[in-house]
Amino acid sequence: MSRIAKKALAIVLACSMAFAFTPVAGKSDAKAKKPSLKTKNVVTIVGESEKNTVKANGNVVKSVTWKLKNNKFVSFKKSGKLSAKFTGKKVGSTQATATVKYKKTKKSKKTSKVTLKFIVDVEGGEEDPEDGAWIVEQADPKLSENIIAGIASAMASAPEITFEPIAVVATQIVGGSNYRVVGAYRDKKEDKVATYAILQFCSDLDGKWTLADDYMASDVPVCNANSGMGSWQPCQGEDLVIPDRIIKDIDDYQSQITGLRVDPAAVVAMQPTTDYNYMIVAQGDMITETPEEGYYLVFANSSNEGFKLGADYDGDGQDEKIVPFTLKRLGGEEVTN
């Protein structure tokens, strides 16, 4: 064999080996990829529906289980094997999940599972009565870094008081964002201990934060490690979110709250004993000929024996049940309608 022929044969063999060992792009990658969602943010409006769909990405999907963290703002209905339709009930937002069981191929013996998280936002229509309303932040009362910084900026205008924010209880979107925030309030001249209060803050379109003159006060002292409130512990982070079972129990036991309907917003303190005692901030409406909206501290007990309103907070042997907040102006003057 000539030198030229040998060289040509070597080139042919090298090319053959390259093709033999080069992986085929796409096919194996697609099988290795887990199922995913069409969108991580479903946006709908009150009274209308939007879908979200699981993308198989080359896998064999066996089942999809959809779940809402809070069904106050939205409901859902399965739409085929891979989709669900989300219908807006009330302006607000909640987290949702799709738990997918799947196999990589039809012949695979192993079934895998992945939980996919997404957000469902419900907006108001052009003539929707919820536009401009105060929306209870039941799904996510936690304080963001932006809100914490905004509150600190606004509080510079009120050096006579201290306020340590705990949770957002309601928001209002009207030419900016308004927030009602529960926290530990103390007038430096009048109060020896901090009590629970709800202050209102406004963030305008330019990002400037201001503090409203009116606030909602209570005479319930804030619990902390040195408060002497038994084993009551302040809540923060995820503990602020009201457990689903407690929301359901409160809904089921509304008949025990004579003349009042409450919409729970956040857990501000709890007492883990043989069962659990909760102190919850709630928005409420007095059921009268002229309904009056207000805010309340609701004390509740949850145990293996069931749910009841009332828990002993101050250690006097008597259960507190519902304590109203009183509308005041900064400086202590009570506001009357």
Item to check | Full working for side chain to side chain contact (heavy atoms under 4.5 Å, CB included) between Phe299 and Lys321 | outcome: CA-CA 5 Å; Phe299 295 84; Lys321 291 187 177 181; 5.7 Å; no
Checklist entry - Taking it one step at a time, do Val60 and Thr105 satisfy side chain to side chain contact (heavy atoms under 4.5 Å, CB included)? => result CA-CA 6 Å; Val60 180; Thr105 67; 5.5 Å; no
Item to check | Over all atoms of both residues, closest heavy-atom pair of Tyr278 and Ser302 | outcome: CE1-CB, 4.1 Å
Next on the checklist: Surrounding NZ of Lys101 (heavy atoms of other residues, nucleotides or ligands, distance under 6.0 Å), is the total greater than 12?
Outcome noted: no
Checklist entry - Does the side chain of Ile280 come within less than 4.5 Å of Val267's, by heavy atoms? => result yes
Next on the checklist: Testing the 3.5 Å rule here: is there a donor-acceptor pair between the side chains of Lys62 and Thr111?
Outcome noted: no
Next on the checklist: Heavy-atom count check: over 12 atoms from other residues, nucleotides or ligands less than 6.0 Å from Asp213 CG?
Outcome noted: no
Next on the checklist: Can you confirm whether Asp314 sits close enough to Glu320 that some side-chain heavy atom of one is under 4.5 Å from a side-chain heavy atom of the other?
Outcome noted: yes
Next on the checklist: So Val114 and Tyr102, do their side chains get closer than 4.5 Å, heavy atoms only?
Outcome noted: yes
Checklist entry - Are Val122 and Phe118 connected in a single hydrophobic cluster, I mean Ile/Leu/Val/Met/Phe/Trp/Tyr linked by side-chain heavy atoms less than 4.5 Å apart? => result yes
Checklist entry - With a 4.5 Å limit on heavy-atom distance, are the side chains of Val298 and Leu309 in contact? => result yes
Item to check | Side-chain (Asn59) to main-chain (Val61) donor-acceptor, under 3.5 angstrom | outcome: no
Next on the checklist: Using every non-hydrogen atom in the two residues, find where Lys188 and Pro159 come nearest and quote the distance to one decimal.
Outcome noted: NZ-O, 2.9 Å
Checklist entry - Picking from Ile198, Ile151, Val169, what satisfies side chain to side chain contact (heavy atoms under 4.5 Å, CB included) with Val181? => result Ile151
Checklist entry - Parallel, tilted or perpendicular for Tyr185 and Tyr215, by the 30°/60° rule? => result parallel
Checklist entry - Relative to the ring of Tyr179, is the ring of Trp209 parallel (under 30°), tilted (30 to 60°) or perpendicular (over 60°)? => result parallel
Checklist entry - Taking all non-hydrogen atoms of both residues, which atom of Lys51 and which atom of Ser83 are closest, and how far apart? => result CD-CB, 4.4 Å
Next on the checklist: Side-chain heavy atoms nearer than 4.5 Å, only ILVMFWY residues, links allowed to pass through others: does that put Val241 and Leu297 together?
Outcome noted: no
Item to check | N/O donor-acceptor pair under 3.5 Å between Ser108 side chain and Lys110 backbone | outcome: no
Checklist entry - Do the side chains of Ser36 and Asn57 get nearer than 4.5 Å, heavy atoms only? => result yes
Checklist entry - Which distance, rounded to the nearest 0.5 Å, do you find between the CD of Glu160 and the CZ of Arg186? => result 12.0 Å
Checklist entry - What do the steps show when you test Leu68 against Phe86 for side chain to side chain contact (heavy atoms under 4.5 Å, CB included), and what is the final call? => result CA-CA 10 Å; Leu68 293 169; Phe86 296 86; 4.0 Å; yes
Checklist outcome for this item: When every non-hydrogen atom of Cys235 is compared with those of Met270, the smallest separation belongs to SG-CE, 3.8 Å
Checklist entry - Just one of Asn301, Asn277, Asp312 clears the side chain to side chain donor-acceptor pair (under 3.5 Å) bar with Gln271, so which one? => result Asn277
Item to check | Greater than 12 external heavy atoms within 6.0 Å of Lys78's NZ | outcome: yes
Checklist entry - How many angstroms lie between CE in Met216 and NZ in Lys328, if you round to the nearest 0.5 Å? => result 13.0 Å
Item to check | Heavy atoms of other groups near Lys189 NZ, more than 12 under 6.0 Å | outcome: no
Checklist entry - Is it the case that one hydrophobic cluster holds both Phe76 and Val43, taking links as side-chain heavy atoms less than 4.5 Å apart, direct or via other members? => result no
Checklist outcome for this item: In this structure, CH2 of Trp66 is separated from CG of Asn52 (nearest 0.5 Å) by 5.0 Å
Item to check | Contact check, side chains of Lys117 and Lys40, non-hydrogen atoms, under 4.5 Å | outcome: no
Next on the checklist: Quick one, Val193 and Val222 - any side-chain contact, counting heavy atoms below 4.5 Å?
Outcome noted: no
Checklist outcome for this item: Distance col, row Gln283:CD vs Asp263:CG, nearest 0.5 angstrom, shows 6.0 Å
Checklist outcome for this item: Note: Ala266 and Ile242 closest approach over all heavy atoms is N-CD1, 3.6 Å
Next on the checklist: What's the separation between atom CD1 in Ile119 and atom OG1 in Thr94, rounded to the nearest 0.5 Å?
Outcome noted: 7.0 Å
Item to check | Where Lys142 and Leu240 come nearest, the two heavy atoms and their spacing | outcome: CA-CD1, 4.2 Å
Checklist entry - Are more than 12 heavy atoms from other residues, nucleotides or ligands located less than 6.0 Å from atom CD of Gln95? => result yes
Item to check | Gln200 and Asp214: CA distance, side-chain angles, deciding distance, side chain to side chain contact (heavy atoms under 4.5 Å, CB included) verdict | outcome: CA-CA 8 Å; Gln200 185 169 311; Asp214 294 346; over 6 Å; no
Checklist entry - Can you tell me how far CG of Asp319 sits from NZ of Lys308, rounded to the nearest 0.5 angstrom? => result 4.0 Å
Next on the checklist: Tyr196 and side chain to side chain contact (heavy atoms under 4.5 Å, CB included): which single residue from Val323, Asp219, Val281, Ile166 fits?
Outcome noted: Ile166
Checklist entry - Just by modelled atom types, is the Gln318 backbone N or O under 3.5 Å from a matching donor or acceptor in the Asp316 side chain? => result yes
Next on the checklist: So Tyr295 and Ser218, do their side chains get closer than 4.5 Å, heavy atoms only?
Outcome noted: no
